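First up is the structure itself, then whatever we jot down about it.
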Amino acid sequence: MANFYTDNDRLERELQRDVFHRLATLREGDFGESELFDFAPRTAEEAVAGYRTAMQLLGEICAERIAPNAREVDLTGPVCHEGRVSYAPKTLENHRALVEAGLYGMTLKRRFGGLNFPTTLFVMASEMVARADGGFACLWALQNCAETIAAFGTEEQQERLLKRVSEGATCSMDLTEPDAGSDLQAAMLRATWCEERQTWLLNGVKRFITNGDADLKLVLARTEAGTSDARGLSLFVVERASGGVTVRRLEKKLGIRGSATCELHFEDAPAELIGTRRMGLIRYVMSLMNAARLGIGAQSVGLAEAAFREAAHYATQRHQFGRPIAQMAPIAELLLGMRTRIDAARALLYATAHEVDCSQSLGLKLQREGLQGEERQALKRAQRLADMFTPLLKLMAGEDCNRIAYDALQVFGGSGYTCDFPIERLYRDARVVTIYEGTSQMQVVAAMKYVADGSLAAHLRERAEKLGSEQLLQLVERTERLIAVVQARSERSLEFHARRLVECGATTLMTLLLNERRDDERSRTSARHYTTLCAATLAAHEATIEQLDEEFLEQQAAAAGL
(Lines give C-alpha, C1' and ligand atoms only; values in the text may rest on other atoms or scores of the structure.)
Protein backbone atom coordinates (compact mmCIF):
# COMPACT_ATOMS: atom_id res chain seq x y z
CA MET A 1 0.00 0.00 0.00
CA ALA A 2 1.12 3.56 -0.67
CA ASN A 3 2.49 5.37 2.37
CA PHE A 4 3.79 8.95 2.62
CA TYR A 5 6.05 8.02 5.54
CA THR A 6 7.68 4.84 4.32
CA ASP A 7 8.24 6.21 0.79
CA ASN A 8 10.20 9.20 2.12
CA ASP A 9 13.40 8.08 3.82
CA ARG A 10 14.17 11.70 4.80
CA LEU A 11 11.47 11.44 7.48
CA GLU A 12 12.77 8.16 8.87
CA ARG A 13 16.27 9.63 8.94
CA GLU A 14 15.00 12.52 11.02
CA LEU A 15 13.34 10.08 13.41
CA GLN A 16 16.59 8.14 13.74
CA ARG A 17 18.51 11.20 14.91
CA ASP A 18 19.64 11.14 18.55
CA VAL A 19 17.66 14.29 19.20
CA PHE A 20 14.41 12.30 19.18
CA HIS A 21 15.53 10.21 22.14
CA ARG A 22 16.36 13.44 23.98
CA LEU A 23 12.97 14.94 23.06
CA ALA A 24 11.18 11.80 24.24
CA THR A 25 13.01 11.93 27.57
CA LEU A 26 12.23 15.62 28.00
CA ARG A 27 8.59 15.03 27.10
CA GLU A 28 8.07 11.98 29.32
CA GLY A 29 10.21 12.99 32.32
CA ASP A 30 10.63 9.85 34.40
CA PHE A 31 8.25 7.86 32.14
CA GLY A 32 5.93 7.59 35.14
CA GLU A 33 2.78 7.72 32.99
CA SER A 34 3.46 4.13 31.96
CA GLU A 35 1.88 3.24 35.32
CA LEU A 36 -1.28 5.19 34.47
CA PHE A 37 -1.78 4.57 30.74
CA ASP A 38 -1.31 1.27 28.96
CA PHE A 39 -0.01 2.96 25.82
CA ALA A 40 2.50 5.25 27.56
CA PRO A 41 6.17 4.33 26.91
CA ARG A 42 8.54 3.09 29.61
CA THR A 43 11.75 4.15 27.84
CA ALA A 44 12.91 6.58 25.17
CA GLU A 45 13.30 3.66 22.76
CA GLU A 46 9.66 2.67 23.30
CA ALA A 47 8.59 6.27 22.79
CA VAL A 48 10.41 6.56 19.47
CA ALA A 49 8.97 3.22 18.35
CA GLY A 50 5.51 4.61 19.14
CA TYR A 51 6.27 7.74 17.14
CA ARG A 52 7.25 5.59 14.17
CA THR A 53 4.07 3.50 14.36
CA ALA A 54 1.90 6.62 14.43
CA MET A 55 3.74 8.18 11.48
CA GLN A 56 3.36 4.99 9.46
CA LEU A 57 -0.37 4.95 10.18
CA LEU A 58 -0.75 8.59 9.24
CA GLY A 59 1.41 8.10 6.15
CA GLU A 60 -0.94 5.37 4.96
CA ILE A 61 -4.05 7.52 5.49
CA CYS A 62 -2.42 10.42 3.67
CA ALA A 63 -1.47 8.29 0.66
CA GLU A 64 -4.52 6.05 0.47
CA ARG A 65 -7.29 8.51 1.35
CA ILE A 66 -6.40 12.20 1.66
CA ALA A 67 -4.31 12.47 -1.51
CA PRO A 68 -6.82 10.63 -3.73
CA ASN A 69 -9.57 12.89 -2.39
CA ALA A 70 -7.67 16.12 -3.04
CA ARG A 71 -8.88 16.78 -6.59
CA GLU A 72 -12.55 16.36 -5.71
CA VAL A 73 -12.18 18.51 -2.61
CA ASP A 74 -10.54 21.23 -4.72
CA LEU A 75 -13.40 21.13 -7.22
CA THR A 76 -16.21 20.88 -4.65
CA GLY A 77 -14.98 22.95 -1.73
CA PRO A 78 -16.99 24.05 1.29
CA VAL A 79 -20.31 25.89 1.01
CA CYS A 80 -22.01 28.44 3.23
CA HIS A 81 -25.75 28.23 3.94
CA GLU A 82 -27.68 30.28 6.49
CA GLY A 83 -24.56 31.35 8.32
CA ARG A 84 -22.99 27.90 8.65
CA VAL A 85 -20.24 26.13 6.70
CA SER A 86 -20.55 22.63 5.29
CA TYR A 87 -17.30 21.03 4.19
CA ALA A 88 -16.96 18.93 1.06
CA PRO A 89 -17.95 15.28 1.68
CA LYS A 90 -14.40 14.10 1.00
CA THR A 91 -13.02 16.61 3.51
CA LEU A 92 -15.30 15.15 6.16
CA GLU A 93 -14.18 11.67 5.12
CA ASN A 94 -10.53 12.69 5.63
CA HIS A 95 -11.33 14.17 9.01
CA ARG A 96 -13.20 11.08 10.19
CA ALA A 97 -10.36 8.80 9.13
CA LEU A 98 -7.86 10.72 11.26
CA VAL A 99 -10.23 10.91 14.23
CA GLU A 100 -10.93 7.18 14.08
CA ALA A 101 -7.19 6.51 13.90
CA GLY A 102 -6.71 8.44 17.15
CA LEU A 103 -4.33 10.95 15.55
CA TYR A 104 -5.92 14.18 16.77
CA GLY A 105 -4.58 15.74 19.95
CA MET A 106 -1.14 14.48 19.00
CA THR A 107 0.78 16.85 21.29
CA LEU A 108 -1.79 17.01 24.10
CA LYS A 109 -1.28 15.29 27.43
CA ARG A 110 -2.69 11.80 27.83
CA ARG A 111 -5.12 12.89 30.52
CA PHE A 112 -6.77 15.03 27.84
CA GLY A 113 -6.98 12.10 25.45
CA GLY A 114 -3.81 13.10 23.60
CA LEU A 115 -0.68 11.18 22.66
CA ASN A 116 1.86 13.47 24.40
CA PHE A 117 4.07 13.53 21.29
CA PRO A 118 6.72 16.22 20.77
CA THR A 119 5.91 19.16 18.52
CA THR A 120 8.48 17.80 16.08
CA LEU A 121 6.26 14.76 15.45
CA PHE A 122 3.27 17.02 14.84
CA VAL A 123 5.41 18.95 12.35
CA MET A 124 6.33 15.71 10.58
CA ALA A 125 2.66 14.74 10.49
CA SER A 126 1.71 18.16 9.11
CA GLU A 127 4.31 17.84 6.37
CA MET A 128 2.75 14.55 5.22
CA VAL A 129 -0.82 15.90 5.40
CA ALA A 130 0.20 18.94 3.34
CA ARG A 131 1.85 16.72 0.76
CA ALA A 132 -1.47 14.91 0.45
CA ASP A 133 -3.67 18.04 0.33
CA GLY A 134 -2.46 21.55 1.14
CA GLY A 135 -6.01 22.74 1.80
CA PHE A 136 -6.89 19.97 4.22
CA ALA A 137 -3.59 20.68 6.00
CA CYS A 138 -5.16 23.93 7.23
CA LEU A 139 -7.96 22.11 9.03
CA TRP A 140 -5.53 19.55 10.46
CA ALA A 141 -2.90 22.05 11.62
CA LEU A 142 -5.33 24.32 13.46
CA GLN A 143 -5.75 21.73 16.20
CA ASN A 144 -2.55 23.34 17.44
CA CYS A 145 -4.79 26.07 18.91
CA ALA A 146 -5.26 23.60 21.75
CA GLU A 147 -1.67 24.26 22.83
CA THR A 148 -2.62 27.85 23.67
CA ILE A 149 -5.48 26.64 25.86
CA ALA A 150 -3.15 24.09 27.46
CA ALA A 151 -0.55 26.76 28.18
CA PHE A 152 -2.75 29.64 29.35
CA GLY A 153 -6.26 28.32 30.09
CA THR A 154 -7.60 27.43 33.52
CA GLU A 155 -7.64 23.84 34.74
CA GLU A 156 -11.38 23.73 34.16
CA GLN A 157 -11.02 25.03 30.60
CA GLN A 158 -8.31 22.51 29.87
CA GLU A 159 -10.33 19.58 31.19
CA ARG A 160 -13.45 20.59 29.28
CA LEU A 161 -12.02 21.78 25.98
CA LEU A 162 -8.84 19.82 25.29
CA LYS A 163 -10.53 16.44 25.38
CA ARG A 164 -12.83 17.68 22.65
CA VAL A 165 -9.85 18.51 20.43
CA SER A 166 -8.47 15.00 20.94
CA GLU A 167 -11.88 13.71 19.86
CA GLY A 168 -11.76 15.74 16.65
CA ALA A 169 -13.28 19.14 17.51
CA THR A 170 -12.15 21.68 14.92
CA CYS A 171 -10.36 24.92 15.84
CA SER A 172 -9.69 28.37 14.41
CA MET A 173 -7.63 31.48 15.11
CA ASP A 174 -9.92 34.52 14.76
CA LEU A 175 -7.45 37.38 14.61
CA THR A 176 -7.67 39.35 11.36
CA GLU A 177 -10.24 42.11 10.78
CA PRO A 178 -11.06 44.21 7.71
CA ASP A 179 -8.88 47.04 9.07
CA ALA A 180 -6.42 44.94 11.07
CA GLY A 181 -4.36 42.55 8.96
CA SER A 182 -0.65 42.42 9.72
CA ASP A 183 -1.19 45.23 12.25
CA LEU A 184 -3.14 43.15 14.76
CA GLN A 185 -2.88 45.77 17.48
CA ALA A 186 -5.49 47.70 15.48
CA ALA A 187 -8.12 44.98 16.11
CA MET A 188 -11.39 46.51 17.33
CA LEU A 189 -13.84 43.62 17.80
CA ARG A 190 -15.36 44.47 21.20
CA ALA A 191 -15.56 42.33 24.30
CA THR A 192 -17.83 43.52 27.12
CA TRP A 193 -18.69 41.87 30.42
CA CYS A 194 -22.39 41.10 30.90
CA GLU A 195 -23.33 41.01 34.59
CA GLU A 196 -26.75 39.59 33.88
CA ARG A 197 -25.42 36.59 31.93
CA GLN A 198 -22.11 36.42 33.83
CA THR A 199 -20.12 36.09 30.64
CA TRP A 200 -18.14 38.12 28.12
CA LEU A 201 -19.99 39.06 24.94
CA LEU A 202 -18.19 39.70 21.63
CA ASN A 203 -19.40 42.05 18.90
CA GLY A 204 -17.78 42.87 15.59
CA VAL A 205 -16.36 41.36 12.41
CA LYS A 206 -13.42 39.08 11.63
CA ARG A 207 -12.18 38.42 8.10
CA PHE A 208 -9.92 35.90 6.33
CA ILE A 209 -10.46 33.37 9.12
CA THR A 210 -9.28 29.90 8.15
CA ASN A 211 -11.76 27.21 9.24
CA GLY A 212 -13.86 30.08 10.57
CA ASP A 213 -16.92 28.00 11.51
CA ALA A 214 -14.86 25.82 13.84
CA ASP A 215 -16.13 24.14 17.01
CA LEU A 216 -13.63 26.07 19.16
CA LYS A 217 -12.48 29.55 18.24
CA LEU A 218 -9.65 31.59 19.74
CA VAL A 219 -10.66 35.23 19.28
CA LEU A 220 -8.63 38.40 19.75
CA ALA A 221 -10.90 41.16 21.11
CA ARG A 222 -10.66 44.58 22.71
CA THR A 223 -11.63 44.56 26.38
CA GLU A 224 -10.35 47.98 27.42
CA ALA A 225 -12.56 50.88 26.35
CA GLY A 226 -10.74 53.90 24.96
CA THR A 227 -7.63 51.95 23.88
CA SER A 228 -6.36 51.53 20.35
CA ASP A 229 -3.17 49.50 20.81
CA ALA A 230 -2.03 46.06 21.95
CA ARG A 231 -2.49 46.87 25.65
CA GLY A 232 -6.27 46.84 25.26
CA LEU A 233 -6.53 43.39 23.67
CA SER A 234 -7.40 40.08 25.32
CA LEU A 235 -7.85 36.52 24.07
CA PHE A 236 -11.08 34.52 24.30
CA VAL A 237 -12.37 31.09 23.45
CA VAL A 238 -15.76 30.88 21.78
CA GLU A 239 -17.69 27.65 21.31
CA ARG A 240 -19.76 27.45 18.14
CA ALA A 241 -22.53 25.66 20.03
CA SER A 242 -22.98 28.73 22.25
CA GLY A 243 -24.22 30.78 19.28
CA GLY A 244 -23.69 34.43 18.43
CA VAL A 245 -21.32 33.86 15.48
CA THR A 246 -22.46 33.59 11.88
CA VAL A 247 -20.50 33.16 8.65
CA ARG A 248 -21.32 36.10 6.39
CA ARG A 249 -19.41 34.78 3.38
CA LEU A 250 -16.77 32.36 2.16
CA GLU A 251 -13.84 33.80 0.24
CA LYS A 252 -13.39 32.53 -3.31
CA LYS A 253 -9.70 31.74 -3.45
CA LEU A 254 -6.94 30.99 -5.94
CA GLY A 255 -5.83 27.90 -4.01
CA ILE A 256 -6.38 25.75 -0.90
CA ARG A 257 -10.01 25.70 -1.99
CA GLY A 258 -10.93 22.86 0.33
CA SER A 259 -10.21 25.14 3.28
CA ALA A 260 -13.04 27.42 4.43
CA THR A 261 -11.83 31.04 4.63
CA CYS A 262 -14.60 33.00 6.32
CA GLU A 263 -15.87 36.45 7.13
CA LEU A 264 -17.52 36.23 10.55
CA HIS A 265 -20.08 38.37 12.31
CA PHE A 266 -20.09 38.32 16.13
CA GLU A 267 -23.31 39.48 17.78
CA ASP A 268 -23.34 39.08 21.57
CA ALA A 269 -21.33 35.89 21.19
CA PRO A 270 -20.66 34.35 24.63
CA ALA A 271 -16.94 33.99 25.28
CA GLU A 272 -14.50 32.87 27.97
CA LEU A 273 -11.36 34.80 28.78
CA ILE A 274 -8.09 32.94 28.24
CA GLY A 275 -5.44 33.94 30.75
CA THR A 276 -5.51 37.54 31.91
CA ARG A 277 -6.85 40.72 30.35
CA ARG A 278 -4.59 42.96 28.23
CA MET A 279 -2.19 40.10 27.42
CA GLY A 280 -4.08 38.83 24.37
CA LEU A 281 -1.71 40.09 21.69
CA ILE A 282 1.39 40.77 23.75
CA ARG A 283 1.74 37.22 25.02
CA TYR A 284 -0.89 34.74 23.89
CA VAL A 285 -1.33 35.57 20.21
CA MET A 286 2.43 35.89 19.70
CA SER A 287 2.75 32.32 20.99
CA LEU A 288 -0.14 31.24 18.79
CA MET A 289 1.32 32.92 15.71
CA ASN A 290 4.75 31.35 16.17
CA ALA A 291 3.12 27.92 16.33
CA ALA A 292 1.11 28.73 13.19
CA ARG A 293 4.24 29.85 11.34
CA LEU A 294 5.99 26.63 12.25
CA GLY A 295 2.97 24.79 10.85
CA ILE A 296 3.17 26.76 7.61
CA GLY A 297 6.83 25.82 7.37
CA ALA A 298 5.69 22.18 7.46
CA GLN A 299 2.94 22.90 4.94
CA SER A 300 5.49 24.54 2.63
CA VAL A 301 7.83 21.57 2.75
CA GLY A 302 4.95 19.12 2.21
CA LEU A 303 3.62 21.01 -0.81
CA ALA A 304 7.13 21.33 -2.24
CA GLU A 305 7.68 17.58 -1.79
CA ALA A 306 4.45 16.86 -3.65
CA ALA A 307 5.33 19.23 -6.50
CA PHE A 308 8.82 17.79 -6.86
CA ARG A 309 7.54 14.22 -6.95
CA GLU A 310 4.97 15.08 -9.62
CA ALA A 311 7.66 16.73 -11.74
CA ALA A 312 10.20 13.94 -11.26
CA HIS A 313 7.67 11.26 -12.19
CA TYR A 314 6.50 13.15 -15.27
CA ALA A 315 10.09 13.80 -16.39
CA THR A 316 10.89 10.09 -16.35
CA GLN A 317 7.73 9.22 -18.31
CA ARG A 318 7.76 12.02 -20.87
CA HIS A 319 9.99 11.24 -23.88
CA GLN A 320 11.26 13.81 -26.36
CA PHE A 321 13.93 13.32 -29.02
CA GLY A 322 14.09 9.65 -28.16
CA ARG A 323 14.80 9.87 -24.43
CA PRO A 324 13.13 10.83 -21.12
CA ILE A 325 13.25 14.57 -20.56
CA ALA A 326 14.71 13.85 -17.10
CA GLN A 327 17.96 13.02 -18.90
CA MET A 328 18.14 16.45 -20.52
CA ALA A 329 20.50 18.78 -18.68
CA PRO A 330 18.09 21.73 -18.26
CA ILE A 331 15.39 19.48 -16.74
CA ALA A 332 17.88 17.53 -14.64
CA GLU A 333 19.20 20.81 -13.25
CA LEU A 334 15.68 21.94 -12.32
CA LEU A 335 14.98 18.65 -10.54
CA LEU A 336 18.27 18.71 -8.64
CA GLY A 337 17.65 22.30 -7.58
CA MET A 338 14.15 21.41 -6.33
CA ARG A 339 15.37 18.45 -4.31
CA THR A 340 18.22 20.43 -2.81
CA ARG A 341 15.97 23.28 -1.72
CA ILE A 342 13.51 20.83 -0.18
CA ASP A 343 16.30 19.21 1.80
CA ALA A 344 17.50 22.62 3.01
CA ALA A 345 14.01 23.79 3.98
CA ARG A 346 13.35 20.50 5.76
CA ALA A 347 16.61 20.83 7.71
CA LEU A 348 15.55 24.27 8.94
CA LEU A 349 12.01 23.01 9.65
CA TYR A 350 13.17 20.26 11.99
CA ALA A 351 15.89 22.37 13.57
CA THR A 352 13.20 24.93 14.45
CA ALA A 353 10.82 22.26 15.74
CA HIS A 354 13.54 20.77 17.94
CA GLU A 355 14.20 24.14 19.57
CA VAL A 356 10.47 24.66 20.11
CA ASP A 357 10.25 21.25 21.77
CA CYS A 358 13.21 21.92 24.04
CA SER A 359 11.77 25.28 25.00
CA GLN A 360 8.32 23.84 25.77
CA SER A 361 9.56 20.78 27.66
CA LEU A 362 12.09 22.68 29.77
CA GLY A 363 9.50 25.38 30.42
CA LEU A 364 7.08 22.76 31.78
CA LYS A 365 9.83 21.26 33.91
CA LEU A 366 10.61 24.72 35.27
CA GLN A 367 6.98 25.12 36.36
CA ARG A 368 6.79 21.58 37.74
CA GLU A 369 10.02 21.20 39.70
CA GLY A 370 12.44 23.96 38.80
CA LEU A 371 15.62 23.81 36.73
CA GLN A 372 19.30 23.60 37.59
CA GLY A 373 21.81 26.13 36.26
CA GLU A 374 22.69 24.32 33.03
CA GLU A 375 19.06 23.55 32.31
CA ARG A 376 18.11 27.18 32.83
CA GLN A 377 20.71 28.19 30.27
CA ALA A 378 19.44 25.49 27.89
CA LEU A 379 15.91 26.87 28.26
CA LYS A 380 17.02 30.41 27.45
CA ARG A 381 19.01 29.21 24.45
CA ALA A 382 16.13 27.11 23.10
CA GLN A 383 13.65 29.99 23.49
CA ARG A 384 16.02 32.39 21.74
CA LEU A 385 16.73 30.02 18.85
CA ALA A 386 13.06 29.09 18.42
CA ASP A 387 12.14 32.76 18.19
CA MET A 388 14.99 33.44 15.76
CA PHE A 389 14.49 30.42 13.51
CA THR A 390 10.70 30.72 13.14
CA PRO A 391 10.55 33.82 10.89
CA LEU A 392 13.53 32.51 8.90
CA LEU A 393 11.67 29.23 8.35
CA LYS A 394 8.41 30.91 7.34
CA LEU A 395 10.27 33.16 4.91
CA MET A 396 12.62 30.64 3.30
CA ALA A 397 10.40 27.55 3.23
CA GLY A 398 7.50 29.60 1.85
CA GLU A 399 9.53 31.28 -0.87
CA ASP A 400 11.26 28.02 -1.82
CA CYS A 401 7.91 26.23 -1.93
CA ASN A 402 6.67 28.75 -4.50
CA ARG A 403 9.86 28.46 -6.53
CA ILE A 404 9.69 24.66 -6.50
CA ALA A 405 6.03 24.67 -7.55
CA TYR A 406 6.91 27.10 -10.36
CA ASP A 407 9.81 24.95 -11.56
CA ALA A 408 7.77 21.76 -11.25
CA LEU A 409 5.03 23.18 -13.46
CA GLN A 410 7.73 24.23 -15.94
CA VAL A 411 8.88 20.61 -16.21
CA PHE A 412 5.38 19.71 -17.44
CA GLY A 413 5.46 22.41 -20.11
CA GLY A 414 2.06 23.10 -21.65
CA SER A 415 0.53 20.06 -19.96
CA GLY A 416 1.21 21.64 -16.57
CA TYR A 417 -0.91 24.64 -17.52
CA THR A 418 -3.96 22.43 -17.94
CA CYS A 419 -6.04 20.76 -15.26
CA ASP A 420 -5.03 17.29 -16.44
CA PHE A 421 -2.31 16.95 -13.81
CA PRO A 422 -2.22 17.74 -10.06
CA ILE A 423 0.64 20.18 -10.53
CA GLU A 424 -1.71 23.06 -11.37
CA ARG A 425 -3.49 22.60 -8.02
CA LEU A 426 -0.19 22.37 -6.15
CA TYR A 427 0.99 25.53 -7.92
CA ARG A 428 -2.15 27.38 -6.80
CA ASP A 429 -2.02 25.99 -3.26
CA ALA A 430 1.62 26.96 -2.82
CA ARG A 431 1.00 30.64 -3.43
CA VAL A 432 -0.62 31.32 -0.07
CA VAL A 433 2.26 30.14 2.14
CA THR A 434 4.15 33.40 1.65
CA ILE A 435 1.03 35.43 2.46
CA TYR A 436 -0.98 34.19 5.42
CA GLU A 437 0.12 34.29 9.07
CA GLY A 438 2.45 37.11 8.16
CA THR A 439 3.75 37.81 4.65
CA SER A 440 7.36 37.20 3.69
CA GLN A 441 7.95 40.91 4.16
CA MET A 442 6.69 40.72 7.75
CA GLN A 443 8.98 37.76 8.42
CA VAL A 444 11.90 39.90 7.29
CA VAL A 445 10.88 42.56 9.80
CA ALA A 446 10.73 39.93 12.56
CA ALA A 447 14.05 38.34 11.61
CA MET A 448 15.94 41.65 11.27
CA LYS A 449 16.00 41.99 15.05
CA TYR A 450 18.41 39.05 15.20
CA VAL A 451 20.48 40.35 12.30
CA ALA A 452 20.83 43.82 13.78
CA ASP A 453 21.77 42.72 17.31
CA GLY A 454 24.34 40.18 16.11
CA SER A 455 22.50 37.10 17.41
CA LEU A 456 22.18 35.41 14.03
CA ALA A 457 25.79 35.99 13.03
CA ALA A 458 27.02 34.72 16.41
CA HIS A 459 24.96 31.55 16.02
CA LEU A 460 26.23 30.99 12.49
CA ARG A 461 29.83 31.29 13.67
CA GLU A 462 29.19 28.88 16.55
CA ARG A 463 27.78 26.23 14.20
CA ALA A 464 30.51 26.73 11.59
CA GLU A 465 33.29 26.39 14.15
CA LYS A 466 31.80 23.11 15.39
CA LEU A 467 31.82 21.77 11.83
CA GLY A 468 35.47 22.76 11.48
CA SER A 469 35.18 23.61 7.78
CA GLU A 470 37.19 26.54 6.44
CA GLN A 471 34.87 26.83 3.44
CA LEU A 472 31.79 27.15 5.67
CA LEU A 473 33.52 29.55 8.02
CA GLN A 474 34.31 31.77 5.04
CA LEU A 475 30.60 31.89 4.15
CA VAL A 476 29.83 33.01 7.70
CA GLU A 477 32.55 35.68 7.53
CA ARG A 478 31.12 37.01 4.26
CA THR A 479 27.70 37.24 5.90
CA GLU A 480 29.19 39.06 8.89
CA ARG A 481 30.97 41.55 6.61
CA LEU A 482 27.79 42.31 4.67
CA ILE A 483 25.89 43.04 7.87
CA ALA A 484 28.71 45.25 9.14
CA VAL A 485 28.91 47.20 5.86
CA VAL A 486 25.21 48.03 5.87
CA GLN A 487 25.09 48.81 9.60
CA ALA A 488 27.95 51.29 9.14
CA ARG A 489 25.89 53.31 6.67
CA SER A 490 22.59 54.28 8.26
CA GLU A 491 19.30 53.03 9.66
CA ARG A 492 17.73 53.74 6.29
CA SER A 493 20.23 51.49 4.53
CA LEU A 494 19.66 48.77 7.11
CA GLU A 495 15.93 48.89 6.45
CA PHE A 496 16.39 49.01 2.68
CA HIS A 497 18.73 46.01 2.59
CA ALA A 498 16.90 44.01 5.28
CA ARG A 499 15.59 41.35 2.88
CA ARG A 500 19.06 40.79 1.45
CA LEU A 501 20.70 40.52 4.85
CA VAL A 502 18.06 38.14 6.20
CA GLU A 503 18.31 35.95 3.12
CA CYS A 504 22.09 35.84 3.43
CA GLY A 505 21.86 34.81 7.07
CA ALA A 506 19.10 32.25 6.47
CA THR A 507 20.80 30.69 3.45
CA THR A 508 24.06 30.38 5.40
CA LEU A 509 22.20 28.78 8.31
CA MET A 510 20.52 26.26 6.02
CA THR A 511 23.90 25.47 4.46
CA LEU A 512 25.33 24.71 7.88
CA LEU A 513 22.34 22.56 8.82
CA LEU A 514 22.70 20.51 5.64
CA ASN A 515 26.40 20.03 6.25
CA GLU A 516 25.59 18.72 9.73
CA ARG A 517 23.44 16.00 8.10
CA ARG A 518 25.94 14.51 5.62
CA ASP A 519 25.15 10.90 6.49
CA ASP A 520 24.25 9.46 3.07
CA GLU A 521 24.91 10.20 -0.58
CA ARG A 522 21.78 12.31 -1.09
CA SER A 523 22.59 14.40 1.98
CA ARG A 524 26.15 14.93 0.79
CA THR A 525 24.96 15.91 -2.67
CA SER A 526 22.43 18.38 -1.28
CA ALA A 527 25.01 19.86 1.09
CA ARG A 528 27.51 20.38 -1.74
CA HIS A 529 24.93 21.87 -4.07
CA TYR A 530 23.39 24.16 -1.46
CA THR A 531 26.82 25.36 -0.35
CA THR A 532 27.38 26.49 -3.95
CA LEU A 533 23.95 28.14 -4.02
CA CYS A 534 24.77 29.94 -0.78
CA ALA A 535 28.01 31.34 -2.20
CA ALA A 536 26.13 32.56 -5.27
CA THR A 537 23.43 34.18 -3.10
CA LEU A 538 26.05 36.00 -1.04
CA ALA A 539 27.86 37.18 -4.17
CA ALA A 540 24.65 38.53 -5.72
CA HIS A 541 23.66 40.39 -2.56
CA GLU A 542 27.21 41.71 -2.07
CA ALA A 543 27.10 43.23 -5.56
CA THR A 544 23.69 44.80 -4.97
CA ILE A 545 24.63 46.23 -1.58
CA GLU A 546 27.83 47.69 -3.01
CA GLN A 547 25.98 49.42 -5.85
CA LEU A 548 22.96 50.64 -3.88
CA ASP A 549 24.68 53.03 -1.51
CA GLU A 550 23.19 55.87 0.54
CA GLU A 551 23.52 58.42 -2.28
CA PHE A 552 21.59 56.14 -4.65
CA LEU A 553 18.87 55.65 -2.06
CA GLU A 554 18.46 59.40 -1.58
CA GLN A 555 18.26 59.92 -5.35
CA GLN A 556 15.62 57.26 -5.76
CA ALA A 557 13.60 58.56 -2.84
CA ALA A 558 13.67 62.06 -4.27
CA ALA A 559 12.67 60.84 -7.73
CA ALA A 560 9.73 58.94 -6.22
CA GLY A 561 8.64 61.93 -4.19
CA LEU A 562 9.29 60.16 -0.88
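Worth knowing before you read on, the calculation uses all heavy atoms, side chains too, and leaves out hydrogens, waters and symmetry mates. Everything numeric in this text was worked out from a predicted model, so none of it was measured.
- A 4.5 Å side-chain heavy-atom check between Asn8 and Arg309 finds at least one atom pair inside the cut-off.
- For the pair Arg10 and Glu305, the salt-bridge criterion is not met [side-chain N within less than 4.0 Å of a carboxylate O].
- No more than 12 heavy atoms of other residues, nucleotides or ligands lie within 6.0 Å of OH in Tyr406, so this atom counts as exposed by the packing criterion.
- Just one residue in the list Arg110, Arg42, Lys109, Arg22 forms a salt bridge (charged side-chain N to carboxylate O under 4.0 Å, His left out) with Glu28, and that residue is Arg110.
- Without hydrogens or angle criteria, Gln443 side chain to Gly438 main chain gives a donor-acceptor distance under 3.5 Å.
- Using modelled atom types and a 3.5 Å distance limit, the side chains of Gln16 and Glu12 yield a donor-acceptor pair.
- Between Phe122 and Phe117, the distance from one ring center to the other does not fall under 6.0 angstrom.
- Within a 6.0 Å radius of CG in Asp18, other residues, nucleotides and ligands contribute 12 heavy atoms or fewer.
- Asp357 contributes a side-chain N or O that, together with a main-chain N or O of Thr120, makes up a donor-acceptor pair within less than 3.5 Å.
- The distance from the CG atom of Asp343 to the CG atom of Asp400 is 11.5 Å, given to the nearest 0.5 Å.
- Ion pair Glu542/Arg478 flagged as a salt bridge, since at least one NZ, NE, NH1 or NH2 atom sits closer than 4.0 Å to an Asp/Glu carboxylate oxygen.
- Side chain to side chain, Ser287 and Asn290 fail the donor-acceptor criterion of an N or O pair below 3.5 Å.
- To the nearest 0.5 Å, atoms CG (Leu26) and NE2 (His354) are separated by 12.0 Å.
- Considering CD of Glu64 and CG of Asn3, their distance stands at 8.5 Å, rounded to 0.5 Å.
- Phe136 and His95 have their aromatic ring centers separated by at least 6.0 angstrom.
- Residue Glu521 qualifies as enclosed at atom CD: its count of foreign heavy atoms under 6.0 Å is above 12.
- Using a 3.5 Å distance cut-off with no hydrogens or angles, the side chains of Arg463 and His459 do pair a donor with an acceptor.
- The main-chain N or O of Thr507 is found under 3.5 Å from a side-chain atom of Thr511 such that the two form a donor-acceptor pair.
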Step-by-step salt bridge (charged side-chain N to carboxylate O under 4.0 Å, His left out) determination, Arg111 to Glu159: CA-CA 9 Å; Arg111 67 188 178 96; Glu159 288 287 342; 2.8 Å; yes
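- Thr531 and Gln471 form no side-chain donor-acceptor contact under 3.5 Å, judged by distance and modelled atom types alone.
- Side-chain atoms of Tyr284 come within 3.5 Å of backbone atoms of Thr276 as a donor-acceptor pair (strictly under, hydrogens ignored).
- With Asp429 contributing its side chain and Gly255 its backbone, the two residues share no donor-acceptor pair below 3.5 Å.
- Under the 3.5 Å distance criterion, with hydrogens and angles disregarded, no donor-acceptor pair is assigned to the side chains of Tyr427 and Glu310.
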Test salt bridge (charged side-chain N to carboxylate O under 4.0 Å, His left out) applied to Arg164 and Glu167, step by step: CA-CA 5 Å; Arg164 292 181 57 194; Glu167 293 167 356; over 6 Å; no
